[in-house]
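Heads up: numbering here begins at 1 and tracks the sequence. This structure is a prediction, so every number in the text was calculated from the model and none was measured.
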Amino acid sequence: MADNFIHYSTSTKTDRKIIEMKTLFSTLHSLVPNQSSAEGEMTLPVQLENATNYIKQLKENVEKLKEKREKLMGSREGEIKARLLVQVEAHQVGSSLEFLLTTGSDYHLVLSQILQLLQENGTQIVHINHSTIIDRVFHKIVAQMVGEGMSSEGVDGERICETVKKFVSQYKNGK
């Protein structure tokens, strides 16, 4: 009688494992797309191979997306770093304004925006000079205030200097 109990107990464990495996396989089968029944019933090894290939494909996609994210995050970090490198000093000397602008090596956008800002505020660009040292570019911009509305006390010049400083500050903050 003891032999029958052991056999029954082993048989029950085996049945439970088979049921558990069928449940797990059914779950796996439901997660794998494109399991068409047009091809007829696929054998268990073929279905497992399809599931394995699908999982490998998903892993590859995840890796590609991670690389893309890192690349995008890296470019965003580079953009933020470039913005932080921008600095400006502004001085009025008589009717002239001098701007000392320091940027990263990719400075074209911020420089052109500052030149446009100066022209929009009634100055004429007299001289621009730049020097590059490693990945830093140092610009000296000399602008002449022209037109009416300039006061002899230099209020307009101070306003223009503050406008440029405010622009650089907003540029650095990403606004």
Which atom names give the shortest non-hydrogen contact between [X] and [Y], and what distance separates them?
| X | Y | answer |
| --- | --- | --- |
| Y54 | L31 | CE2-O, 3.9 Å |
| L101 | V88 | CD1-CB, 4.2 Å |
| Q144 | S96 | OE1-OG, 3.0 Å |
| C161 | L97 | SG-CD2, 3.8 Å |

Report yes or no: do [X] and [Y] belong to one cluster of Ile/Leu/Val/Met/Phe/Trp/Tyr joined by side chain heavy-atom distances under 4.5 Å?
| X | Y | answer |
| --- | --- | --- |
| L115 | V126 | no |
| I128 | L117 | yes |
| V142 | F138 | no |
| I125 | V168 | yes |

Output yes when a side-chain donor or acceptor of Q47 lies under 3.5 Å from a complementary backbone atom of E49, and no otherwise.
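The answer is no, because no donor-acceptor pair under 3.5 Å joins these two groups.
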Using atom types as modelled and distance alone, determine if a side-chain donor or acceptor of S26 lies under 3.5 Å from a backbone N or O of K22.
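Not a single qualifying donor-acceptor pair exists.
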Show the numbers, then the answer: is there a salt bridge (Lys or Arg N to Asp or Glu O under 4.0 Å) between K165 and E162?
CA-CA 5 Å; K165 288 178 183 178; E162 289 305 313; 3.6 Å; yes
Testing V110, T103, N129 one by one against H139 for a side chain to side chain contact (heavy atoms under 4.5 Å, CB included), which residue passes?
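Exactly one candidate clears the test, T103.
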Derivation of the side-chain contact (heavy atoms from CB on, under 4.5 Å) call for L48 and L28:
CA-CA 9 Å; L48 288 174; L28 176 64; 4.0 Å; yes
How many angstroms lie between atom [atom1] of [X] and atom [atom2] of [Y], to the nearest 0.5 angstrom?
| X | Y | atom1 | atom2 | result |
| --- | --- | --- | --- | --- |
| L65 | E67 | CG | CD | 9.5 Å |
| M145 | R159 | CE | CZ | 10.0 Å |
| K17 | L24 | NZ | CG | 12.0 Å |
| R16 | I19 | CZ | CD1 | 9.0 Å |
| D156 | E158 | CG | CD | 10.0 Å |
| E60 | K64 | CD | NZ | 6.0 Å |

Evaluate whether atom CD of E120 has more than 12 neighbouring non-hydrogen atoms of other residues, nucleotides or ligands under 6.0 angstrom away.
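Count over threshold, so yes.
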Taking the side chain as every heavy atom from C-beta outward, state whether E98 and K140 have any pair of such atoms under 4.5 Å apart.
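Result yes, sub-4.5 Å side-chain heavy-atom pair found.
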Give the C-alpha distance, both sets of side-chain angles, the deciding distance and a yes or no for side-chain contact (heavy atoms from CB on, under 4.5 Å) between F99 and I114.
CA-CA 10 Å; F99 299 91; I114 288 175; 5.7 Å; no
